Number of protein chains: 2
Amino acid sequence: MATNTKDRILDSAELLFAQQGIASTSLRAITDHADVNLASVNYHFQSKDALVQAVLNRRLNPINQKRMELLHALLHRPDGVPPTVEEILEAFYRPVTEEAIKTRREGRPIVALIGRMYTEPGELLASQIRAMMSQVAAGYLDALSIALPGIPPPILFWRLQFSVGVLAHTFGAMHLIEGLARGRVNVNDSEDVLRQMIAFAAGGLRSPVQ
Amino acid sequence: MATNTKDRILDSAELLFAQQGIASTSLRAITDHADVNLASVNYHFQSKDALVQAVLNRRLNPINQKRMELLHALLHRPDGVPPTVEEILEAFYRPVTEEAIKTRREGRPIVALIGRMYTEPGELLASQIRAMMSQVAAGYLDALSIALPGIPPPILFWRLQFSVGVLAHTFGAMHLIEGLARGRVNVNDSEDVLRQMIAFAAGGLRSPVQ
DNA sequence: GTCTATAGGGTGATAGAC
DNA sequence: GTCTATCACCCTATAGAC
(Lines give C-alpha, C1' and ligand atoms only; values in the text may rest on other atoms or scores of the structure.)
Protein backbone atom coordinates (compact mmCIF):
# COMPACT_ATOMS: atom_id res chain seq x y z
CA MET A 1 0.00 0.00 0.00
CA ALA A 2 1.17 3.52 -0.81
CA THR A 3 2.37 5.67 2.08
CA ASN A 4 0.91 9.05 1.21
CA THR A 5 -2.74 9.88 1.56
CA LYS A 6 -3.37 10.89 -2.05
CA ASP A 7 -2.09 7.63 -3.51
CA ARG A 8 -3.86 5.54 -0.88
CA ILE A 9 -7.12 7.19 -1.93
CA LEU A 10 -6.41 6.56 -5.63
CA ASP A 11 -5.51 2.90 -4.96
CA SER A 12 -8.62 2.21 -2.90
CA ALA A 13 -10.92 4.10 -5.24
CA GLU A 14 -9.59 2.17 -8.23
CA LEU A 15 -10.08 -1.19 -6.54
CA LEU A 16 -13.60 -0.45 -5.31
CA PHE A 17 -14.68 1.13 -8.61
CA ALA A 18 -13.52 -2.05 -10.34
CA GLN A 19 -15.32 -4.34 -7.91
CA GLN A 20 -18.61 -2.48 -7.42
CA GLY A 21 -18.82 0.15 -10.14
CA ILE A 22 -18.32 3.87 -9.82
CA ALA A 23 -21.86 4.94 -8.91
CA SER A 24 -22.28 2.45 -6.09
CA THR A 25 -18.93 3.17 -4.47
CA SER A 26 -19.20 5.90 -1.83
CA LEU A 27 -16.42 8.20 -0.70
CA ARG A 28 -16.87 6.69 2.74
CA ALA A 29 -16.18 3.19 1.43
CA ILE A 30 -13.03 4.54 -0.24
CA THR A 31 -11.69 6.41 2.80
CA ASP A 32 -12.52 3.48 5.10
CA HIS A 33 -10.65 1.07 2.83
CA ALA A 34 -7.71 3.46 2.45
CA ASP A 35 -7.73 4.10 6.22
CA VAL A 36 -7.71 7.85 5.73
CA ASN A 37 -10.07 10.58 6.81
CA LEU A 38 -13.23 11.28 4.82
CA ALA A 39 -12.42 14.97 4.41
CA SER A 40 -9.03 14.25 2.83
CA VAL A 41 -10.74 13.25 -0.40
CA ASN A 42 -12.16 16.73 -0.78
CA TYR A 43 -8.82 18.27 0.12
CA HIS A 44 -6.69 16.34 -2.39
CA PHE A 45 -9.37 16.13 -5.07
CA GLN A 46 -12.28 18.55 -5.18
CA SER A 47 -15.17 16.23 -5.77
CA LYS A 48 -16.04 12.63 -6.47
CA ASP A 49 -16.16 13.40 -10.21
CA ALA A 50 -12.62 14.77 -10.12
CA LEU A 51 -11.48 11.69 -8.21
CA VAL A 52 -12.99 9.42 -10.88
CA GLN A 53 -11.16 11.39 -13.54
CA ALA A 54 -7.85 11.13 -11.64
CA VAL A 55 -8.25 7.37 -11.17
CA LEU A 56 -8.83 6.80 -14.88
CA ASN A 57 -6.09 9.19 -16.01
CA ARG A 58 -3.46 7.58 -13.78
CA ARG A 59 -4.11 4.16 -15.29
CA LEU A 60 -5.01 5.00 -18.90
CA ASN A 61 -2.52 7.71 -19.81
CA PRO A 62 0.49 5.36 -19.56
CA ILE A 63 -1.42 2.69 -21.51
CA ASN A 64 -2.32 5.08 -24.31
CA GLN A 65 1.20 6.54 -24.38
CA LYS A 66 2.62 3.03 -24.72
CA ARG A 67 0.15 2.33 -27.53
CA MET A 68 1.31 5.40 -29.43
CA GLU A 69 4.99 4.49 -28.92
CA LEU A 70 4.46 0.95 -30.18
CA LEU A 71 2.49 2.20 -33.17
CA HIS A 72 5.15 4.81 -33.99
CA ALA A 73 7.85 2.13 -33.82
CA LEU A 74 5.86 -0.09 -36.20
CA LEU A 75 5.37 2.73 -38.73
CA HIS A 76 9.02 3.84 -38.66
CA ARG A 77 11.01 0.63 -38.79
CA PRO A 78 14.57 0.92 -40.12
CA ASP A 79 13.83 -1.59 -42.88
CA GLY A 80 10.73 0.34 -43.90
CA VAL A 81 8.55 -2.80 -43.92
CA PRO A 82 4.90 -1.81 -43.35
CA PRO A 83 3.26 -3.39 -40.30
CA THR A 84 0.84 -6.31 -40.56
CA VAL A 85 -2.70 -6.20 -39.20
CA GLU A 86 -1.62 -8.55 -36.39
CA GLU A 87 1.26 -6.27 -35.38
CA ILE A 88 -1.03 -3.24 -35.24
CA LEU A 89 -3.58 -5.13 -33.15
CA GLU A 90 -0.89 -6.34 -30.78
CA ALA A 91 0.34 -2.76 -30.30
CA PHE A 92 -3.22 -1.81 -29.35
CA TYR A 93 -4.09 -4.80 -27.16
CA ARG A 94 -0.81 -5.61 -25.40
CA PRO A 95 -0.42 -2.54 -23.16
CA VAL A 96 -3.83 -3.19 -21.58
CA THR A 97 -3.24 -6.90 -21.29
CA GLU A 98 0.10 -6.40 -19.57
CA GLU A 99 -1.47 -3.96 -17.15
CA ALA A 100 -4.08 -6.64 -16.48
CA ILE A 101 -1.44 -9.25 -15.65
CA LYS A 102 0.59 -6.87 -13.50
CA THR A 103 -2.35 -5.62 -11.45
CA ARG A 104 -3.80 -9.09 -10.96
CA ARG A 105 -0.39 -10.28 -9.71
CA GLU A 106 -0.58 -7.45 -7.17
CA GLY A 107 -4.03 -8.66 -6.13
CA ARG A 108 -5.73 -5.67 -7.74
CA PRO A 109 -8.15 -6.90 -10.43
CA ILE A 110 -8.78 -3.49 -11.97
CA VAL A 111 -9.18 -4.60 -15.59
CA ALA A 112 -12.95 -4.73 -15.16
CA LEU A 113 -12.91 -0.96 -14.66
CA ILE A 114 -10.96 -0.41 -17.88
CA GLY A 115 -13.26 -2.74 -19.77
CA ARG A 116 -16.35 -1.09 -18.36
CA MET A 117 -15.48 2.56 -18.79
CA TYR A 118 -16.67 2.76 -22.40
CA THR A 119 -20.19 1.87 -21.33
CA GLU A 120 -20.49 3.44 -17.86
CA PRO A 121 -23.14 6.14 -18.09
CA GLY A 122 -22.50 9.78 -17.35
CA GLU A 123 -21.73 12.60 -19.75
CA LEU A 124 -18.65 13.76 -17.84
CA LEU A 125 -17.12 10.30 -18.10
CA ALA A 126 -18.04 9.96 -21.77
CA SER A 127 -16.41 13.25 -22.74
CA GLN A 128 -13.24 12.28 -20.86
CA ILE A 129 -13.05 8.90 -22.62
CA ARG A 130 -13.68 10.59 -25.96
CA ALA A 131 -10.86 13.05 -25.29
CA MET A 132 -8.44 10.28 -24.32
CA MET A 133 -9.36 7.90 -27.11
CA SER A 134 -9.89 10.11 -30.16
CA GLN A 135 -6.17 10.62 -30.80
CA VAL A 136 -5.38 6.94 -30.29
CA ALA A 137 -8.30 5.86 -32.47
CA ALA A 138 -7.22 8.21 -35.26
CA GLY A 139 -3.64 6.89 -35.18
CA TYR A 140 -4.71 3.27 -35.37
CA LEU A 141 -7.24 3.99 -38.08
CA ASP A 142 -4.48 5.51 -40.23
CA ALA A 143 -2.19 2.54 -39.62
CA LEU A 144 -4.94 0.05 -40.46
CA SER A 145 -5.80 1.87 -43.67
CA ILE A 146 -2.20 1.30 -44.79
CA ALA A 147 -2.25 -2.39 -43.85
CA LEU A 148 -5.71 -2.89 -45.39
CA PRO A 149 -5.91 -0.62 -48.46
CA GLY A 150 -8.86 -2.58 -49.87
CA ILE A 151 -11.28 -1.74 -47.05
CA PRO A 152 -13.31 1.48 -47.51
CA PRO A 153 -12.72 3.99 -44.65
CA PRO A 154 -16.26 3.88 -43.17
CA ILE A 155 -16.11 0.08 -42.97
CA LEU A 156 -12.65 0.23 -41.45
CA PHE A 157 -13.98 2.68 -38.85
CA TRP A 158 -16.68 0.20 -37.84
CA ARG A 159 -14.18 -2.64 -37.68
CA LEU A 160 -11.84 -0.68 -35.43
CA GLN A 161 -14.75 -0.05 -33.06
CA PHE A 162 -15.60 -3.76 -33.13
CA SER A 163 -11.95 -4.52 -32.30
CA VAL A 164 -12.23 -2.21 -29.30
CA GLY A 165 -15.42 -4.08 -28.37
CA VAL A 166 -13.59 -7.40 -28.36
CA LEU A 167 -11.08 -5.98 -25.87
CA ALA A 168 -13.60 -4.12 -23.71
CA HIS A 169 -15.96 -7.07 -23.40
CA THR A 170 -13.21 -9.59 -22.71
CA PHE A 171 -11.89 -7.57 -19.77
CA GLY A 172 -15.19 -6.06 -18.65
CA ALA A 173 -17.11 -9.33 -18.61
CA MET A 174 -14.25 -11.64 -17.64
CA HIS A 175 -16.09 -12.91 -14.55
CA LEU A 176 -19.09 -13.81 -16.71
CA ILE A 177 -16.98 -15.48 -19.40
CA GLU A 178 -15.21 -17.47 -16.71
CA GLY A 179 -18.57 -18.68 -15.40
CA LEU A 180 -19.77 -19.70 -18.87
CA ALA A 181 -16.48 -21.42 -19.72
CA ARG A 182 -16.85 -24.16 -17.07
CA GLY A 183 -13.16 -24.93 -17.28
CA ARG A 184 -12.98 -25.12 -21.08
CA VAL A 185 -10.54 -22.21 -21.24
CA ASN A 186 -8.14 -20.57 -18.78
CA VAL A 187 -9.05 -16.89 -18.61
CA ASN A 188 -5.94 -16.24 -16.50
CA ASP A 189 -3.55 -17.21 -19.29
CA SER A 190 -3.19 -13.66 -20.56
CA GLU A 191 -0.82 -14.47 -23.39
CA ASP A 192 -3.36 -16.95 -24.74
CA VAL A 193 -6.21 -14.46 -24.36
CA LEU A 194 -4.11 -11.90 -26.24
CA ARG A 195 -3.36 -14.38 -29.02
CA GLN A 196 -7.05 -15.31 -29.34
CA MET A 197 -8.18 -11.67 -29.46
CA ILE A 198 -5.60 -10.78 -32.11
CA ALA A 199 -6.50 -13.75 -34.33
CA PHE A 200 -10.22 -12.98 -34.11
CA ALA A 201 -9.92 -9.24 -34.71
CA ALA A 202 -7.45 -9.75 -37.57
CA GLY A 203 -9.90 -12.08 -39.26
CA GLY A 204 -12.68 -9.56 -38.72
CA LEU A 205 -10.66 -6.64 -40.08
CA ARG A 206 -9.69 -8.64 -43.18
CA SER A 207 -13.19 -10.00 -43.79
CA PRO A 208 -14.28 -9.62 -47.45
CA VAL A 209 -16.36 -6.52 -48.21
CA GLN A 210 -19.45 -7.61 -50.10
CA MET B 1 -47.62 5.16 -21.75
CA ALA B 2 -49.08 2.02 -20.17
CA THR B 3 -52.24 2.39 -18.13
CA ASN B 4 -51.58 0.08 -15.21
CA THR B 5 -49.17 0.90 -12.42
CA LYS B 6 -46.97 -2.16 -12.77
CA ASP B 7 -46.18 -1.56 -16.44
CA ARG B 8 -45.69 2.16 -15.90
CA ILE B 9 -43.04 1.34 -13.29
CA LEU B 10 -41.33 -1.14 -15.63
CA ASP B 11 -41.34 1.36 -18.52
CA SER B 12 -39.90 4.19 -16.46
CA ALA B 13 -37.34 1.99 -14.73
CA GLU B 14 -36.14 0.64 -18.07
CA LEU B 15 -35.74 4.09 -19.56
CA LEU B 16 -33.92 5.58 -16.57
CA PHE B 17 -31.69 2.52 -16.14
CA ALA B 18 -30.68 2.88 -19.78
CA GLN B 19 -30.00 6.61 -19.48
CA GLN B 20 -28.29 6.80 -16.09
CA GLY B 21 -27.35 3.26 -15.13
CA ILE B 22 -28.99 1.03 -12.56
CA ALA B 23 -27.06 2.06 -9.46
CA SER B 24 -27.59 5.77 -9.91
CA THR B 25 -31.32 5.51 -10.61
CA SER B 26 -33.36 5.80 -7.40
CA LEU B 27 -36.80 4.34 -6.83
CA ARG B 28 -38.01 7.89 -6.29
CA ALA B 29 -36.78 8.95 -9.73
CA ILE B 30 -38.65 5.98 -11.22
CA THR B 31 -41.93 6.61 -9.42
CA ASP B 32 -41.76 10.34 -10.17
CA HIS B 33 -41.23 9.65 -13.87
CA ALA B 34 -43.97 7.01 -13.93
CA ASP B 35 -46.26 9.34 -11.97
CA VAL B 36 -47.10 6.63 -9.43
CA ASN B 37 -46.67 6.40 -5.71
CA LEU B 38 -43.34 5.42 -4.19
CA ALA B 39 -44.82 2.61 -2.12
CA SER B 40 -46.32 0.93 -5.19
CA VAL B 41 -42.88 -0.25 -6.24
CA ASN B 42 -42.58 -2.30 -3.07
CA TYR B 43 -46.11 -3.57 -3.49
CA HIS B 44 -45.75 -4.82 -7.07
CA PHE B 45 -42.11 -5.83 -6.77
CA GLN B 46 -40.52 -6.56 -3.43
CA SER B 47 -37.26 -4.71 -3.74
CA LYS B 48 -35.15 -2.70 -6.14
CA ASP B 49 -33.18 -5.85 -7.00
CA ALA B 50 -36.36 -7.66 -7.97
CA LEU B 51 -37.43 -4.70 -10.09
CA VAL B 52 -34.11 -4.77 -11.95
CA GLN B 53 -34.60 -8.47 -12.58
CA ALA B 54 -38.14 -7.91 -13.88
CA VAL B 55 -37.02 -5.10 -16.21
CA LEU B 56 -34.33 -7.27 -17.77
CA ASN B 57 -36.51 -10.37 -18.01
CA ARG B 58 -39.32 -8.55 -19.78
CA ARG B 59 -36.97 -7.33 -22.51
CA LEU B 60 -34.49 -10.20 -22.82
CA ASN B 61 -36.70 -13.27 -22.58
CA PRO B 62 -38.48 -12.51 -25.90
CA ILE B 63 -35.13 -11.75 -27.54
CA ASN B 64 -33.56 -14.99 -26.38
CA GLN B 65 -36.67 -16.98 -27.30
CA LYS B 66 -36.55 -15.49 -30.81
CA ARG B 67 -32.85 -16.36 -31.02
CA MET B 68 -33.58 -19.97 -30.17
CA GLU B 69 -36.44 -20.15 -32.68
CA LEU B 70 -34.30 -18.74 -35.47
CA LEU B 71 -31.46 -21.11 -34.61
CA HIS B 72 -33.81 -24.08 -34.54
CA ALA B 73 -35.21 -23.12 -37.94
CA LEU B 74 -31.67 -22.92 -39.36
CA LEU B 75 -30.72 -26.33 -38.01
CA HIS B 76 -33.90 -28.05 -39.25
CA ARG B 77 -34.41 -26.73 -42.75
CA PRO B 78 -36.50 -28.90 -45.07
CA ASP B 79 -33.63 -29.17 -47.56
CA GLY B 80 -31.23 -30.20 -44.78
CA VAL B 81 -28.61 -27.66 -45.87
CA PRO B 82 -26.41 -26.78 -42.87
CA PRO B 83 -26.39 -23.09 -41.90
CA THR B 84 -23.50 -20.78 -42.79
CA VAL B 85 -21.58 -18.81 -40.18
CA GLU B 86 -23.27 -15.64 -41.43
CA GLU B 87 -26.74 -17.15 -40.97
CA ILE B 88 -25.96 -18.24 -37.42
CA LEU B 89 -24.62 -14.79 -36.57
CA GLU B 90 -27.66 -13.12 -38.05
CA ALA B 91 -29.94 -15.31 -35.92
CA PHE B 92 -28.00 -14.15 -32.86
CA TYR B 93 -27.67 -10.45 -33.72
CA ARG B 94 -30.96 -9.64 -35.45
CA PRO B 95 -33.44 -10.01 -32.56
CA VAL B 96 -31.49 -7.46 -30.50
CA THR B 97 -31.00 -5.13 -33.43
CA GLU B 98 -34.72 -5.17 -34.27
CA GLU B 99 -35.57 -4.43 -30.65
CA ALA B 100 -33.13 -1.53 -30.88
CA ILE B 101 -34.89 -0.11 -33.95
CA LYS B 102 -38.36 -0.60 -32.49
CA THR B 103 -37.62 0.99 -29.13
CA ARG B 104 -35.75 3.92 -30.67
CA ARG B 105 -38.74 4.55 -32.95
CA GLU B 106 -40.85 4.70 -29.78
CA GLY B 107 -38.44 7.25 -28.32
CA ARG B 108 -37.09 4.71 -25.81
CA PRO B 109 -33.36 4.25 -26.41
CA ILE B 110 -32.98 1.20 -24.17
CA VAL B 111 -30.31 -0.62 -26.19
CA ALA B 112 -27.61 0.89 -24.00
CA LEU B 113 -29.02 -1.10 -21.07
CA ILE B 114 -28.89 -4.37 -23.03
CA GLY B 115 -25.35 -3.62 -24.18
CA ARG B 116 -24.25 -2.70 -20.69
CA MET B 117 -25.76 -5.53 -18.67
CA TYR B 118 -22.86 -7.94 -19.28
CA THR B 119 -20.48 -5.58 -17.55
CA GLU B 120 -22.64 -3.92 -14.87
CA PRO B 121 -21.26 -4.97 -11.52
CA GLY B 122 -23.26 -6.86 -8.92
CA GLU B 123 -23.31 -10.58 -8.21
CA LEU B 124 -27.12 -10.82 -8.36
CA LEU B 125 -27.15 -9.32 -11.85
CA ALA B 126 -24.26 -11.51 -13.01
CA SER B 127 -25.96 -14.73 -11.90
CA GLN B 128 -29.17 -13.69 -13.66
CA ILE B 129 -27.34 -12.95 -16.91
CA ARG B 130 -25.48 -16.23 -16.62
CA ALA B 131 -28.76 -18.09 -16.15
CA MET B 132 -30.37 -16.39 -19.15
CA MET B 133 -27.38 -16.70 -21.46
CA SER B 134 -25.91 -20.13 -20.74
CA GLN B 135 -28.58 -22.01 -22.68
CA VAL B 136 -28.38 -19.60 -25.62
CA ALA B 137 -24.59 -19.66 -25.63
CA ALA B 138 -24.56 -23.47 -25.60
CA GLY B 139 -26.97 -23.65 -28.53
CA TYR B 140 -24.98 -21.24 -30.65
CA LEU B 141 -21.70 -22.92 -29.75
CA ASP B 142 -23.09 -26.24 -31.03
CA ALA B 143 -24.31 -24.65 -34.24
CA LEU B 144 -20.99 -22.92 -34.85
CA SER B 145 -19.05 -26.14 -34.28
CA ILE B 146 -21.05 -27.66 -37.16
CA ALA B 147 -20.44 -24.68 -39.45
CA LEU B 148 -16.75 -24.48 -38.49
CA PRO B 149 -15.55 -28.06 -37.89
CA GLY B 150 -11.90 -27.03 -38.24
CA ILE B 151 -11.86 -24.75 -35.15
CA PRO B 152 -10.99 -26.47 -31.84
CA PRO B 153 -13.79 -26.10 -29.22
CA PRO B 154 -11.86 -23.91 -26.74
CA ILE B 155 -10.95 -21.46 -29.51
CA LEU B 156 -14.54 -21.47 -30.76
CA PHE B 157 -15.68 -20.69 -27.22
CA TRP B 158 -13.44 -17.62 -27.11
CA ARG B 159 -14.61 -16.51 -30.53
CA LEU B 160 -18.27 -16.76 -29.55
CA GLN B 161 -17.53 -14.54 -26.53
CA PHE B 162 -15.74 -12.07 -28.80
CA SER B 163 -18.81 -12.07 -31.08
CA VAL B 164 -20.95 -11.22 -28.07
CA GLY B 165 -18.45 -8.44 -27.29
CA VAL B 166 -18.91 -6.94 -30.75
CA LEU B 167 -22.66 -6.73 -30.15
CA ALA B 168 -22.47 -5.56 -26.54
CA HIS B 169 -19.95 -2.82 -27.26
CA THR B 170 -21.72 -1.57 -30.37
CA PHE B 171 -24.97 -1.05 -28.48
CA GLY B 172 -23.50 -0.20 -25.08
CA ALA B 173 -21.06 2.41 -26.40
CA MET B 174 -23.14 3.70 -29.32
CA HIS B 175 -23.06 7.29 -28.02
CA LEU B 176 -19.27 7.13 -27.82
CA ILE B 177 -18.92 5.58 -31.27
CA GLU B 178 -21.21 8.25 -32.68
CA GLY B 179 -18.97 10.94 -31.17
CA LEU B 180 -15.79 9.39 -32.61
CA ALA B 181 -17.36 8.85 -36.04
CA ARG B 182 -17.73 12.58 -36.80
CA GLY B 183 -20.25 11.82 -39.51
CA ARG B 184 -18.20 9.11 -41.24
CA VAL B 185 -20.86 6.49 -40.52
CA ASN B 186 -24.57 6.57 -39.73
CA VAL B 187 -25.08 4.70 -36.45
CA ASN B 188 -28.83 4.91 -36.92
CA ASP B 189 -28.83 2.76 -40.04
CA SER B 190 -29.46 -0.45 -38.12
CA GLU B 191 -29.46 -2.72 -41.17
CA ASP B 192 -26.00 -1.44 -42.08
CA VAL B 193 -24.75 -1.85 -38.50
CA LEU B 194 -26.08 -5.42 -38.52
CA ARG B 195 -24.36 -6.16 -41.84
CA GLN B 196 -21.06 -4.73 -40.58
CA MET B 197 -21.20 -6.71 -37.33
CA ILE B 198 -21.96 -9.97 -39.15
CA ALA B 199 -19.15 -9.50 -41.68
CA PHE B 200 -16.62 -8.72 -38.94
CA ALA B 201 -17.62 -11.55 -36.61
CA ALA B 202 -17.78 -14.06 -39.49
CA GLY B 203 -14.23 -13.12 -40.48
CA GLY B 204 -13.15 -13.45 -36.86
CA LEU B 205 -14.79 -16.83 -36.37
CA ARG B 206 -13.21 -18.17 -39.57
CA SER B 207 -9.76 -16.75 -38.85
CA PRO B 208 -6.98 -19.34 -39.38
CA VAL B 209 -5.86 -21.16 -36.24
CA GLN B 210 -2.08 -20.99 -36.06
C1' DG C 1 -2.45 18.62 5.83
C1' DT C 2 -5.38 16.32 8.83
C1' DC C 3 -9.00 16.01 11.91
C1' DT C 4 -14.19 16.30 14.03
C1' DA C 5 -18.59 17.62 13.42
C1' DT C 6 -22.35 18.68 10.88
C1' DA C 7 -25.15 20.70 7.31
C1' DG C 8 -28.50 19.49 3.99
C1' DG C 9 -30.29 16.18 1.43
C1' DG C 10 -31.05 11.59 -0.59
C1' DT C 11 -31.84 6.28 0.06
C1' DG C 12 -34.67 1.72 0.28
C1' DA C 13 -38.18 -0.15 2.76
C1' DT C 14 -42.46 -0.50 5.62
C1' DA C 15 -46.53 0.34 8.81
C1' DG C 16 -51.02 1.33 8.76
C1' DA C 17 -55.17 4.24 7.17
C1' DC C 18 -58.37 4.21 3.29
C1' DG D 1 -54.22 -1.52 -4.63
C1' DT D 2 -53.07 2.93 -3.41
C1' DC D 3 -51.91 6.42 -0.35
C1' DT D 4 -49.22 9.27 3.56
C1' DA D 5 -45.92 9.35 6.83
C1' DT D 6 -41.94 7.84 8.69
C1' DC D 7 -37.96 4.88 10.15
C1' DA D 8 -33.21 4.21 10.06
C1' DC D 9 -29.60 4.98 7.51
C1' DC D 10 -26.32 6.67 3.77
C1' DC D 11 -24.64 10.34 0.87
C1' DT D 12 -21.39 14.40 -0.71
C1' DA D 13 -19.41 18.41 0.68
C1' DT D 14 -17.64 21.85 3.82
C1' DA D 15 -16.67 24.81 7.97
C1' DG D 16 -13.48 25.46 11.31
C1' DA D 17 -10.31 23.69 15.18
C1' DC D 18 -5.66 21.85 15.52
Side-chain angles (χ1 to χ4, degrees), chain A residues 1-58 113 116-117 120-128, chain B residues 1-58 113 116-117 120-128:
Chain A
M1 176 91 82
T3 49
N4 70 86
T5 302
K6 198 167 177 177
D7 286 340
R8 294 170 70 87
I9 293 171
L10 286 170
D11 286 347
S12 294
E14 178 179 70
L15 180 66
L16 295 174
F17 287 163
Q19 286 175 345
Q20 319 172 356
I22 295 172
S24 36
T25 299
S26 67
L27 296 182
R28 276 176 170 75
I30 294 166
T31 54
D32 283 0
H33 183 273
D35 203 25
V36 301
N37 191 272
L38 172 61
S40 63
V41 131
N42 283 83
Y43 175 78
H44 288 287
F45 310 89
Q46 283 73 18
S47 63
K48 186 182 175 178
D49 273 347
L51 172 61
V52 170
Q53 212 159 323
V55 167
L56 289 179
N57 277 332
R58 182 179 68 147
L113 179 61
R116 218 190 293 129
M117 70 183 186
E120 279 247 0
E123 194 36 53
L124 199 142
L125 196 64
S127 65
Q128 194 198 347
Chain B
M1 178 91 80
T3 50
N4 70 85
T5 302
K6 198 168 177 176
D7 286 340
R8 294 169 69 89
I9 293 171
L10 285 170
D11 286 348
S12 295
E14 178 179 70
L15 180 66
L16 295 175
F17 288 162
Q19 287 175 344
Q20 317 172 354
I22 295 172
S24 35
T25 300
S26 66
L27 296 183
R28 278 174 173 79
I30 294 167
T31 54
D32 283 0
H33 183 272
D35 204 26
V36 301
N37 191 273
L38 171 62
S40 62
V41 112
N42 282 83
Y43 176 78
H44 288 287
F45 309 88
Q46 284 71 17
S47 62
K48 186 181 175 178
D49 274 347
L51 172 62
V52 171
Q53 212 158 322
V55 167
L56 289 179
N57 278 332
R58 183 179 66 147
L113 179 61
R116 219 188 294 129
M117 71 184 184
E120 278 247 359
E123 194 36 53
L124 198 142
L125 197 63
S127 65
Q128 194 198 349

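Remember, predicted model here, so these are calculated numbers, not experimental data. Naming: A, B, ... by sequence-line order, numbering from 1 per chain.
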For B:N42 and C:dA13, what is the distance between atoms CG and P respectively, to the nearest whole Å?
6 Å
Hey, which sits more toward the 5' end of DNA chain C by its nearest nucleotide, A:L38 or A:H44?
A:H44
Atom-pair distance (CD on A:Q20; P on D:dC11), nearest Å:
10 Å
Tightest non-hydrogen contact, residues A:R116 and A:F17, listed as NH1-O, 3.2 Å
If you only use heavy atoms from C-beta on, which nucleotide in C:dT14, C:dC3, C:dG12 is closest to the side chain of B:K48?
C:dG12
Mind checking if B:S40 touches a base, just sugar-phosphate, or nothing, with heavy atoms under 4.0 Å?
nothing
Beyond-backbone contact of A:L124 with A:V52, side-chain heavy atoms, under 4.5 angstrom
no
Look at the side-chain N and O atoms of B:S26 and state whether any lies under 4.0 Å from the OP1 or OP2 oxygen of C:dT11.
yes
Once you round it to whole Å, what is the distance between C1' of C:dT11 and CG of B:L16?
16 Å
Side-chain heavy-atom pair B:V36, B:I30 within 4.5 angstrom cut-off
no
Heavy-atom nearest pair, B:T31 first then B:L38, reads CG2-CA, 3.7 Å
May I ask you to verify if any side-chain N or O of B:T5 is less than 4.0 angstrom from the OP1 or OP2 atom of D:dT2?
yes
As a test of reading the structure: which of D:dA15, C:dA13, C:dA15 is closest to the side chain of B:L27, going by heavy atoms?
C:dA13
Distance in angstrom units between A:Y43 OH and C:dT2 P, rounded
7 Å
Can you tell me how far C1' of C:dT2 sits from CZ of A:R8, to the nearest Å?
14 Å
For the pair made of CZ in B:F45 and P in C:dG12, what is the distance, rounded to whole Å?
15 Å
Check whether any side-chain heavy atom of A:L27 lies under 4.5 Å from a side-chain heavy atom of A:N42, and answer yes or no.
yes
D:dG1, OP1 or OP2 - any side-chain N/O from B:N37 closer than 4.0 Å?
no
Interatomic distance, B:R28 CZ vs D:dC10 P [rounded to whole Å]
15 Å
Length of the line joining A:Q46:CD and D:dA13:P, which is rounded to integer Å
10 Å
